[in-house]
Amino acid sequence: MESIKIDTEPKIELISDTREVEQIASKLDSMPLVAVDTETEGLDPYKHKVLLFQIGNLEEQFIIDCRKASIEPLRRILEGQKPKVLQNAKFDYKMVKHAFGIDMENMVDTMLIEQVLTSGLSDRRYGLASLSEQYLDVKADKSERQSFINHTGEFNENQLIYARNDLIYTLQVLSHQMKKVSEEGLGHTVKLECLAVGAFGDMEYNGILLDRDKWCSILKEEKVKKDEAREKMDSILSPHSDMDLFGMVSINYDSEEQLKNALAKIGIKVDDTSKLTISRINHPIAQAILDYREHQKVVSSYGEGFLEHINNITGRIHPSFRQIGASSGRTSCTEPNLQNIKADSRFRSCFVAPEGRRLVVADYSGCELRIIAELSDDPVFLGTFRNGGDLHSIVASAIFKTKVSKTENPELRQRAKTINFGLAYGMGSQGLSASLEISEDEARELLDKYFQSYPLVKRYLDKSSDEAIKNRYSTTIGGRKRYYEINDQSDSRTIASIVRQAKNAPIQGTNADMTKLALIWIRNKIKEKKLDACLVNTIHDEIVVECDEKIAEEVGYIVKEYMIKAGEFYLHKVPVDVEYSISGCWEK
DNA sequence: ATCTGTGGCGCG
DNA sequence: AAAGCGCGCCACAGAT
């Protein structure tokens, strides 16, 4: 690895005059690729200022003191087609968007590229310091970053060196990465992820509005129900339990061990206290436990901690998205996680559009099954989607030899749904017998029937896992890879687990690809048509857009149109379908 | 007092 | 010991 000496270069000049910024704009025009970075007072775009704005290539770097000079002369470069490489681009995007009203476009993110290159591999670090060490053999010192927090006054030489080095390291890391990207055939995925940065930046920046009063009143109901369930548990268990000084039952029902002990005292022995195990107990305590659990979970998840995520400046909730949050390519969401809000419409409907605005909520229908149809070439799967039929019903009719539709024998349709999603991803007869509450023999029979009816699905899934084991990676239709750590020491359990992961990875990953492409295109369309609309959330196969009520119909059409286009960019054998609603709140 | 792993469960 | 994939968050338990 080459080592670059840069720390000994002469004094770094700090640009603190807007006229100088105008001059560097023309210099930047002649650079085909530039690196961009910022130093900020902190992490929150709504609270913290941008102190330094750095831009340049390997030959020349410019550091602008944003407290004294405006970067307005750079707007056309930042908003234009020139590629800008950044480490963790979404962060700088949001800071620059808020501070200067500039939406950077055509960003290239070394962090996301690294995640694409190593998806599925363990113990990976994606910070610039790690990447510099890995690719450049230099120890980048990130401790200087701390010095910018709440910084005032002049900048010292070390701070400026730090600010400049980040640009240089980022550019050098990128050129190493791009070699690997082309060797691995990951060009499309890298492009997709980099173009999607703006969409995820926007969703975080825009946030979503929560009707706090309504939320709290639901929470109050939940607390009451939780207490009722606990009293019920107490009444059953207390005659057999230890009392504390006040004669109260002193069982902590949140403790698995204490719960097991309490159950043992009334003659119920269980190995675990999972929902499934509890639900099989033939005793009134079972329902009380399940009720308690459900309400306890809600109260703890959506209580004080959740409400703290309301930003006191915008009054909205601004979650953090990890754009590549799962090794499949899916996004994950934290602080708070807005991808696992109870589907129970009481809670979702508390996420609202402000006065005069609407939410467009759109999702792909049967997305993963369509992807299975595309990849497996199964004639029934393909035919069903081409004819607009209901696959779960058709599968149910085939394996249960009974007429099934959404209205006839709906319980069989529900079972087929379980089978479709379970077996497709490697569920065994044991798992199936558990989730359908049937004997293992019956489950085995069902499983055989399923794969007899859809031999191409079985062949496809087997091929998926065979190839994954052979290649040590899976690929999606878009070419995204998920790598597996397999070696000669891998035991059979590890291999079995990888076999199941590999059956799922191309399907879940292709879904992620198409949703991300849809986000890119929808955002572009909104900007192009200057619509009063913004992305506010995405949940794997669903996209939520907030807009002025007067254009809600138009936005609905656009969202649907581009989701379908994005889907059909990857799927050619099956039509893609999107359902959407326009409402004052988040509901399907 | 703070960290880590685990069981349990919400969503797709 | 555990066998369908992918996540994040809560409380607990045990450790530091």
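What you see is a predicted model, and the numbers here were worked out from it, not measured in a lab. Chain letters run A, B, ... following the sequence lines, proteins first, then strands; residues in each count from 1.
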Out of B:dG10, B:dG12, C:dC12, whichever nucleotide has its closest atom nearest the side chain of A:D541 = B:dG12

task = Report the nucleotide, chosen from C:dA3, C:dA11, B:dC9, that has the shortest atom-to-atom distance to any side-chain atom of A:R500.
result =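 Selected nucleotide (nearest to the side chain): C:dA3.
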
Separation of atom [atom1] in [X] from atom [atom2] in [N], rounded to whole Å:
X: A:Y292; N: C:dC10; atom1: OH; atom2: P; answer: 15 Å
X: A:N511; N: C:dC7; atom1: CG; atom2: P; answer: 14 Å
X: A:N504; N: B:dG12; atom1: CG; atom2: P; answer: 16 Å
X: A:I507; N: B:dG12; atom1: CD1; atom2: P; answer: 18 Å
X: A:H309; N: C:dC10; atom1: NE2; atom2: C1'; answer: 13 Å
X: A:L369; N: C:dC5; atom1: CG; atom2: P; answer: 17 Å

Answer yes or no: does a side-chain N or O of [X] lie under 4.0 Å from OP1 or OP2 of [N]?
X: A:K275; N: B:dG10; result: yes
X: A:S327; N: C:dC7; result: yes
X: A:S332; N: C:dG8; result: yes
X: A:N252; N: C:dC12; result: yes
X: A:Q501; N: C:dG6; result: yes
X: A:R293; N: B:dG8; result: no

query = Any salt bridge between A:E411 and A:R415, counting N to O under 4.0 Å?
reply =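 No, A:E411 and A:R415 are not salt-bridged.
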
inquiry  = For DNA chain C, please output the secondary structure as dot-bracket, reading 5' to 3'. Pairs are Watson-Crick or G-U wobble, both atom distances under 3.5 Å; mark crossing pairs with [ ], other-strand partners with |, unpaired with a dot.
reply    = ....||||||||||||

Is a side-chain donor-acceptor pair under 3.5 Å present for [Y] with [X]?
X: A:Q339; Y: A:S332; answer: no
X: A:N88; Y: A:Y126; answer: no
X: A:S393; Y: A:D390; answer: yes
X: A:T494; Y: A:D491; answer: yes
X: A:R480; Y: A:S474; answer: no
X: A:E442; Y: A:S439; answer: yes
X: A:Q287; Y: A:Y292; answer: no
X: A:E368; Y: A:Q508; answer: no

ask   = Residues from residues 343-353 of chain A sitting under 4.0 Å of DNA chain B, heavy atoms only?
value = A:A343, A:R348

note = Between A:E335 and A:R330, the residue closer to the 5' end of DNA chain C by nearest nucleotide is A:R330

ask   = So which of A:K225, A:K342, A:K226 actually passes salt bridge (Lys or Arg N to Asp or Glu O under 4.0 Å) with A:E294?
value = A:K342

ask   = Got a donor-acceptor pair under 3.5 Å from the side chain of A:K297 to the base of C:dC9?
value = yes

task = Look at the side chain of A:N337 against the base of C:dG8 and say whether a donor-acceptor pair falls under 3.5 Å; ignore hydrogens and angles.
result = no

inquiry  = Rounding to an integer number of angstrom, what distance separates B:dT4 and C:dG4 when you compare their C1' atoms?
reply    =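 One C1' to the other, the span is 27 Å.
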
request  = Select base, sugar-phosphate, or nothing to describe what A:G422 touches, counting heavy atoms under 4.0 Å on all strands.
outcome  = base

Give me, pair by pair, the N or O atoms of the protein and of nucleotides 4-7 of chain B that are less than 3.5 Å apart, along with how far apart they are.
unit_1: B:dG7; atom_1: O3'; unit_2: A:E256; atom_2: OE2; d: 3.0

task = Would you check if the distance from the ring center of A:W586 to the ring center of A:F347 is below 6.0 Å?
result = no

